[in-house]
Amino acid sequence: MIELIGIEKHYRLKNGGRKVVLDNIDAVFPKGRNIGILGLNGSGKSTMIRIIGGAERPNAGRVKKTVSVSWPLGFAPSFSGSLTGTENLRFVARIYDHDIDEVTEFVRDFAELGRYMDEPINTYSSGMRAKLAFGLSMAMDFQVYLIDETLSVGDAAFQAKSKRVFEERAARSSLIVASHHISVMQDYCHAAGVLHDGKFTMFDDLESANEFYTDYIAERAA
């Protein structure tokens, strides 16, 4: 289970003010349930995902976790640009207490980077980094996977392979999916919450969440 307790997050503005992104949020993400985070661009979805994953700290509140949680899929988890792809894999595998050789072998085969696995990360394109990061995510068995907007990495053939492997992992893990489109969640999520004006309103099903979200968008446009 993942529980957010009184989570607050704000950013300082150049004019001396501050922008509140998450305002005293309480939420529970039960183990075994796939939950969506639905919200407009700029609503704080990525911030919430990073806080859940531990990549960013809230200004107030805390996150309770009784499960292992991935970094957002496709996001490079603190890769060091001066180290090679292989060296980065070994470093991350050590931190997460996974078998180094198994992780390295899986990613070498999966990411299709060839000789670039032994080149520094700072020579990689953004697509190559995404392939390495996604492969590393799939090499580790997390109990909860975080998805921020998309699973699309690489060309059509690589995306098809990624989807097959991801669905194998998703069959035994839970998902938290952030997006501004309900369609991204329909294949995987059981329920969703809507992030709006710094608040997070949870619903028991996708239909109710989308109805609330659609009404919210209409009110803002009026």
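Remember, it's a predicted structure, so these values are computed and weren't measured experimentally.
With ring centers used as reference points, F166 lies 6.0 Å or more from F134.
Checked for salt-bridge contact, D141 and R172 meet the test: a charged N lies under 4.0 Å from a carboxylate O. Between R33 and D204 no salt bridge is recorded (no basic side-chain N to carboxylate O distance below 4.0 Å).
With sequence neighbours excluded, the residues forming a side chain to side chain contact (heavy atoms under 4.5 Å, CB included) with N24 are E8, listed by chain and number.
Partner F29 forms a side chain to side chain contact (heavy atoms under 4.5 Å, CB included) with one of V144, V67, I52 and no other, that one being I52.
A heavy-atom distance below 4.5 Å is not found between the side chains of L146 and M48. At least one side-chain heavy atom of R90 sits less than 4.5 Å from a side-chain heavy atom of D101. You'll find the side chain of Y216 reaches within 4.5 Å of the side chain of D197, heavy atoms only.
When every heavy atom of W71 is checked against every heavy atom of A133, the shortest pair comes out as NE1-O, 3.9 Å.
Residue K65 qualifies as enclosed at atom NZ: its count of foreign heavy atoms under 6.0 Å is above 12. Within a 6.0 Å sphere centred on CD of E105, other residues, nucleotides and ligands contribute 12 heavy atoms or fewer.
Rounded to the nearest 0.5 Å, atoms CG (D26) and NZ (K199) are 9.5 Å apart. Rounded to the nearest 0.5 Å, atoms CZ (R62) and CD1 (I5) are 4.0 Å apart.
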